[in-house]
Amino acid sequence: MKGARVPELLREQAFRRYWTGQTVSLVGDQIALLAIPLAAVVVLGADAAEMGWLKTAELLPALLLNLPAGAWADRQARRRRIMIGTDLARAALLCSLPVAYALDALTLVQLYAVALGVGALTVLFDVCNVVVFTALLPTERYVQGNSLVNGSRSMAWLGGPGLGGLLVGLLSAPVALLTTGLTYLLSAERLSRIAPVEPPPAEPEPGHFTAGIRWALREPLMRSMFGATATVQFFNFIFHTLFVLYATEELGLSAGMFGAVLSVAAVGGVVGAVCSGAVVRRIGIGPSIVTGFATFTIPLMLIPLAGGPTALVLGMLFVAEFVSCAGVMLVDIASGSLQMALIPDGLRSRVLGAFRTVTHGFRPLGAVAGGVLGTLIGLRPALWIGTAGAVLSAVWLLGSPISRTRALPEPAPLTHPTEATASTH
């Protein structure tokens with residue numbers, strides 16, 4: 001009976017090793033997200049401007065490198081080995097911080113360099129990861145595999161910051177980063193013990209660098225997902241830029257109450273990951289994506305609506321965040337599986353690189369717009385724009401074939417360079 005409760009994929013040795021490595025490194029990521037800024041503030045006394053530069057160093061690689069990294073990765077024959085190399089390099093970079101701290105040589109410049117280096121290596125890891133994932137599983141098991149990986153991501157979001165805070169308190173911020181380094185080493189060890197049959201590298205061709213984005217814009221399903229994702233990222237970052245300020249200043253919540261609500265509501269992500277497979281089986285992959293976008297965005301409209309007694313405000317914020325977190329997981333699992341099924345092997349890294357360039361590119365634009373709107377028209381009206389605009393992202397999906405797509409398609413083979421600009425349908 002006990003074995004029957006273990007997900008089927010985790011009874012398969014190769015995927016279990018892959019998933020274990022992913023899970024521990026995701027927890028390590030959350031520890032690093034807390035420990036690196038704390039090292040800057042607590043150990044080095046960084047001010048607001050210096051923290052801004054640190055955040056820029058962290059985010060810049062995702063914006064600038066996804067497209068070229070994807071183009072480079074599609075030309076490589078052994079993506080798994082590249083992932084192992086990036087894990088080892090990330091571990092070395094992070095472990096350099098506690099070493100410098102022990103020698104009383106830690107500086108902000110080193111923190112900037114490590115944040116930039118880890119960000120660049122993470123981009124390279126991610127564009128190779130999609131190829132290894134699809135090499136491990138047949139198309140019909142993408143949803144189950146994505147559910148397990150995203151379930152780990154939700155658990156990391158839920159428990160990682162708390163574990164990171166505990167480690168920082170016990171060990172100091174720089175020394176806590178040794179834990180993240182160890183998680184990357186374990187990820188590398190797990191990857192070294194699988195041997196998926198990877199697709200051959202893409203052949204040299206004119207327009208290799210832009211082939212991924214050209215293919216995505218011509219493929220109706222991918223084009224609508226690009227549009228929906230770009231829209232929701234822009235408006236959601238208007239929302240997130242102002243959310244903390246709104247909750248504390250206009251709703252009068254203490255930092256403790258606000259943080260507690262968000263932490264408990266994050267359980268919604270775990271629920272969404274667990275239930276996503278059943279939702280996809282019942283209503284189909286395309287309707288699940290539409291449902292996920294609606295479940296992600298519509299509940300957030302409760303937040304600018306919030307008012308009245310503190311208990312009511314906390315309840316509205318909890319419901320909004322809990323349901324929204326579940327929706328995010330359904331979007332990530334269903335749309336990620338559909339993308340994996342649609343994209344030809346020779347274009348996977350390039351299309352993913354183009355997709356992430358779009359999503360990361362709209363985040364800072366939304367953040368800037370949020371700051372401007374909050375200043376000009378006030379926090380609550382700006383939040384209405386952010387939440388209502390995010391809901392409109394579903395328009396891209398309702399007018400596309402996605403809403404009628406029930407099953408995962410098999411990707412069309414990419415046998416000639418010109419096929420990079422042709423639809424798979």
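Defined by atom type and a distance below 3.5 Å, a donor-acceptor pair is present between the side-chain atoms of Ser96 and Gln110. Residues Ser147 and Ser276 bring a donor and an acceptor atom of their side chains to less than 3.5 Å of each other. Neither side chain, Thr357 nor Asn66, offers a donor N or O lying under 3.5 Å from an acceptor on the other.
In this structure, Phe235 CZ and Leu365 CG are separated by 11.5 Å, a value rounded to the nearest 0.5 Å. Going from atom CZ of Phe15 over to atom CG of Leu137 covers 5.5 Å, rounded to the nearest 0.5 Å.
Judged by a 6.0 Å distance limit and a 45° cone about the ring axis, Arg363 is not positioned over the six-membered ring of Phe237. Cation-pi contact between Arg90 and Phe125: present, with separation from the ring centre below 6.0 Å and deviation from the ring axis of at most 45°.
Taking both residues in full, the closest heavy atoms of Trp19 and Ser152 are given as NE1-OG, 2.9 Å, listed atom of the first, atom of the second, then distance. Across all non-hydrogen atoms, the minimal contact from Leu177 to Ala35 is CD2-CB, 3.7 Å. Looking at every heavy atom in both residues, Pro61 comes nearest to Leu116 through CG-O, 3.5 Å. For the residue pair Leu124 and Ala69, the shortest heavy atom distance occurs at CD1-CB, 4.4 Å. Closest of all the heavy-atom pairs between Ala320 and Pro299 is CB-O, 3.2 Å.
Exactly one of Arg79, Arg80, Arg81 qualifies for a side-chain hydrogen bond (donor to acceptor under 3.5 Å, both in side chains) with Glu198. That residue is Arg79. For the side chain to side chain contact (heavy atoms under 4.5 Å, CB included) with Met316, the qualifying choice from Leu302, Ile303, Val261 is Leu302, the only one to do so.
A donor-acceptor contact shorter than 3.5 Å links the side chain of Gln76 to the backbone of Trp72. The backbone N or O of Ile289 lies less than 3.5 Å from no partner atom in the side chain of Ser335, so there is not a single donor-acceptor pair.
In this structure, the side chains of Phe362 and Thr359 stay at 4.5 Å or more apart for every pair of heavy atoms. Under the 4.5 Å side-chain criterion, counting only non-hydrogen atoms from C-beta, Arg348 is in contact with Thr134. You'll find the side chain of Leu376 reaches within 4.5 Å of the side chain of Val372, heavy atoms only. Proximity of Ser393 to Phe296: side-chain heavy atoms (C-beta onward) are nowhere separated by under 4.5 Å. In this structure, Leu148 and Leu10 have side chains that are in contact, with non-hydrogen atoms separated by less than 4.5 Å. Contact check for Leu178 versus Cys95: side-chain heavy atoms found under the 4.5 Å cut-off. Side-chain contact between Ile194 and Leu191: present, with at least one pair of heavy atoms (C-beta onward) separated by less than 4.5 Å. Residues Leu186 and Ser25 form no side-chain contact, since every pair of their non-hydrogen atoms from C-beta on lies 4.5 Å or further apart.
Contact check on Asp126 versus Arg356 returns a salt bridge, with a Lys/Arg side-chain nitrogen under 4.0 Å from an Asp/Glu carboxylate oxygen. The existence of a salt bridge linking Arg141 and Glu12 is confirmed by a sub-4.0 Å separation between a basic side-chain nitrogen and an acidic carboxylate oxygen. Under the 4.0 Å criterion applied to side-chain N and carboxylate O atoms, Arg193 and Glu189 are assigned as salt-bridge partners.
For Phe355, the ring-ring contact (aromatic ring centres under 6.0 Å, His included) partners two or more places apart in sequence, or in a different chain, are Phe226.
Checked against the 6.0 Å centroid criterion, the rings of Phe234 and Phe239 do not qualify as a close aromatic pair.
In this structure, Met155 places its CE atom where only 12 or fewer heavy-atom neighbours from other residues, nucleotides or ligands lie under 6.0 Å away.
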| query | Between Tyr246 and Arg380, does a side-chain hydrogen bond (donor to acceptor under 3.5 Å, both in side chains) hold up when you go through it step by step? | reply | CA-CA 7 Å; Tyr246 167 78; Arg380 195 183 295 264; 3.0 Å; yes
